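A short write-up of the structure that comes next.
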There are 2 protein chains.
Amino acid sequence: MAKPAPLSGFPEFLPAQRVVEQHVVATLAATFELHGFANVETRAVEPMDQLLRKGDTSKEVYVLKRLHDETGDAGIGLHFDLTVPFARYVLENAGKLEFPFRRYQIQKVWRGERPQEGRFREFLQADIDIVGRDVLPFHHDIEVTRVMLDALAKLSFLPGFRLQVNNRKLIQGFYLGLGASDVDEVMRLVDKLDKLAPEQVAKLLVAEAGLTDEQAQQCLALATIRTPDDSFVDRVRALGVEHPLLDEGLDELAQLLRGTAGLATDTVRIEADLSIARGLDYYTGTVFETRLDGYESLGSICSGGRYDALASDGRTTYPGVGISLGVSRVLVPLVQRGVVTGDRSVPSAVLVSVSDEETRQQADDVATALRARGIPCEVAPTAAKFGKQIRHADRRGIPYVWFSSTDESGATTHEVKDIRSGNQVPADPATWEPPVEDLRPAIIGFEARP
Amino acid sequence: MAKPAPLSGFPEFLPAQRVVEQHVVATLAATFELHGFANVETRAVEPMDQLLRKGDTSKEVYVLKRLHDETGDAGIGLHFDLTVPFARYVLENAGKLEFPFRRYQIQKVWRGERPQEGRFREFLQADIDIVGRDVLPFHHDIEVTRVMLDALAKLSFLPGFRLQVNNRKLIQGFYLGLGASDVDEVMRLVDKLDKLAPEQVAKLLVAEAGLTDEQAQQCLALATIRTPDDSFVDRVRALGVEHPLLDEGLDELAQLLRGTAGLATDTVRIEADLSIARGLDYYTGTVFETRLDGYESLGSICSGGRYDALASDGRTTYPGVGISLGVSRVLVPLVQRGVVTGDRSVPSAVLVSVSDEETRQQADDVATALRARGIPCEVAPTAAKFGKQIRHADRRGIPYVWFSSTDESGATTHEVKDIRSGNQVPADPATWEPPVEDLRPAIIGFEARP
């Protein structure tokens, strides 16, 4: 078989790169669990009717067919996000779950769309959601924001993030207060501000949404408001528009900014950005988007919001609020450009050398003693010259090489060499430990945040 | 939408059940890393020509098709094991990997076959392999066995295992030494011993493989040899058959039994079982199968062996040795029968109660202080009566409930209640810690092994 070529849109990592992804997944999972989120994994497939419920994503679905099944496809496809499967899981298991139900889910998803930077056919997502039965108090919107900010802040080797928050009630209430007759159309047109100039959007608002020039200008004025705290309230009030739904949205968004103020750092920022609308989908209150500093072209790498009906079985409705982090969307570009990587291609902190094949058992015993104290290690594959064994360690990034020798009287002495410094010292397999920072592969990349 | 029904063959876990799977995956990963195995994840799909290389598995493959692609399927299918993708990964990245390359891989795989007990359409596998370039010394066969035994021994809440080992050189050499003309056919027929009576197999060996009655009896005698140590060598020698390949196989298998003798326990056993052949596939030396005590009907839950050509690009050949643990095959029956589960449905060790919504911030601060010291916790969703908040904790298996109260002078006192014992004591959010065994959900099931 000839050398295989990579498949476009299906990124894979070399072992040292995978160290970064493992670290990110472990950090996210540990943080979500500290906040009481239970882990769930759903199957990779859903029935096609579930996947096509939202209609407009149907073109991206991979349908499954058993190779020798002549009767057609299997009626199932690969999930394209983790929200549809989770909504199904909640309905299927509602009687066995405790509400409000906090869950996190870190899994691959698949979309058949054309691959481009930050867009893949297979990619890893990390979702947190809180789901209630019938009701879900607003403080959970603040909670998911705090949890994701906590998690992002711990990914200290990544560039900074900017979490942008808005509230659909705020913008809908504003448009209603203005007297707009088709609020959804106004929202759809204002959402074009990231592609069109403001004056073009203003023209569309007049031509397609039936607004006056003044109303259109008010819409644009609202969309320019961006504040790192709750001062947006005064700026919206200054526009002179009034509506009960606007009041509700302003109050919720202000609560959210105040409730997360203590979590912002230089690199992890949160701001109210009244231009964010997250399209026309199922969000009904809070909406989130996130930009990665220096990688704005990737689009939003962490998105979500409040949906008053995540799931419904006709009798009971399950409102939810959640955020989804595009792990691959963030990591693949950084890793592929070499911006971040692991400092070893193996977990081993120690290579136990072998002086001749007859003493391999002795080397195995040293390794067993080290592992018993949680020190990852491997034994040299051959009794090559020590210089070659040291190069074996060096090529893999293993920091220590262990040497044992037995003299004529049968006494064994052990030494361990830090091959970075060349420093070699006597050591006891039963007690020696490397510095804790050498125990696991480290992430090399951005400077650690303070 | 009505309540969805489960999909046959695609098992999913409730949160407390998922705790068990998380624990198993984390234990396996930690053990493999202690032994210096690097983690790799490959994409879920492979080109169809890769998946169909072995021919006889083609019926099980799920082929992918983009929903609106009228030109046919996408030429890719879901992987049905982790060996085919790994062999492809090794060839694709050979220039960037260091050999011998130790890797572990824990991922879902898919097969379109009919679901039955222990057989699923989507299931989790955990594979370890060591791959060399051109050569791979035999001591690596001992190494992978030791690593998997170490990992299995740490899954202390599972029933016992019996790892059965054989060597293809031993049985092939024996048949050659007997004078059999079609060794593969003899092996194929002897492999039927788990379904047919010995006298029936003997008849087939005469009728279909052209053996004499005496040769057939010798084959059956070999297949009955089963020893927990290297004493099988004397029993094979007593049959009086000689062949250089037999010598080689006996020596390798004896080395393997001696090299792993120290790892056996009451519940994790290893034995030479000369009836094991692992079908007629690519194994060329050591072969493994594993039976779970009391669940023998599941078949082998952990299998593998040595293959002299895991991969080849025409110029270079990559020999390998590996074992694959069927995580779902073991766990799903145990979990679905309620034999093993987690003792909480959430990671939270503490529920921080809320006396009224005005003091939610105080409860959040307590939770933040606990989390800063690695204590998973959640804040009560509503300021319900304390009895209801305690029931909220109890239903999720959360062991502790935290109470804070502020008196008229503004002084706040904190108390924490162990709701299992009812014991309530004063506590400081900055210093209190639960016993370490309460920090994480525990696994309830078989008694912990000594």
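Naming: A, B, ... by sequence-line order, numbering from 1 per chain. Keep in mind that this is a model prediction, so the values were computed, not measured.
The shortest distance between side-chain heavy atoms of Pro15(A) and Phe101(B) falls below 4.5 Å. Under the 4.5 Å side-chain criterion, counting only non-hydrogen atoms from C-beta, His139(A) is in contact with Arg360(B). Taking 4.5 Å as the limit, some side-chain heavy atom of Tyr89(A) sits within range of a side-chain heavy atom of Glu12(B).
The most heavy-atom pairs under 4.5 Å with chain B, out of Ala44(A), Ala311(A), Ser345(A), come from Ala44(A). Of all the listed residues (Arg43(A), Arg344(A), Met48(A), Gln22(A)), the one sharing the greatest number of non-hydrogen pairs under 4.5 Å with chain B is Arg43(A). Each of Arg395(B), Lys65(B), His35(B), Glu33(B) has some count of heavy-atom pairs under 4.5 Å with chain A, and the biggest count is that of His35(B). Between chain B and the options Thr42(A), Thr31(A), Asn93(A), Val40(A), heavy-atom pairs under 4.5 Å are most frequent for Thr42(A). Between chain B and the residues Glu378(A), Arg396(A), Lys96(A), the largest count of heavy-atom pairs under 4.5 Å involves Arg396(A).
In this structure, chain A has a heavy atom under 4.5 Å from the side chain of Arg18(B), while its backbone stays farther away. Contacts between Pro137(B) and chain A at a heavy-atom distance below 4.5 Å involve the side chain alone, from C-beta outward. At a 4.5 Å heavy-atom cutoff, the contact between Val379(B) and chain A is made by backbone atoms alone. Neither the backbone nor the side chain of Leu370(A) comes within contact range of chain B; no heavy atoms are under 4.5 Å apart.
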Pair Leu97(A), Leu14(B) - check side-chain contact (heavy atoms from CB on, under 4.5 Å), show working. CA-CA 8 Å; Leu97(A) 300 175; Leu14(B) 289 167; 4.2 Å; yes
Could you go step by step and tell me if Arg102(B) and Val346(A) meet the side-chain contact (heavy atoms from CB on, under 4.5 Å) rule? CA-CA 8 Å; Arg102(B) 289 171 179 76; Val346(A) 292; over 6 Å; no
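When the options Val45(B), Leu64(B), Leu67(B) are evaluated for a side chain to side chain contact (heavy atoms under 4.5 Å, CB included) with Tyr62(A), the one that passes is Leu64(B).
Distance check, rounded to the nearest 0.5 Å: NE2 of His392(B) to CD of Glu98(A) gives 8.0 Å.
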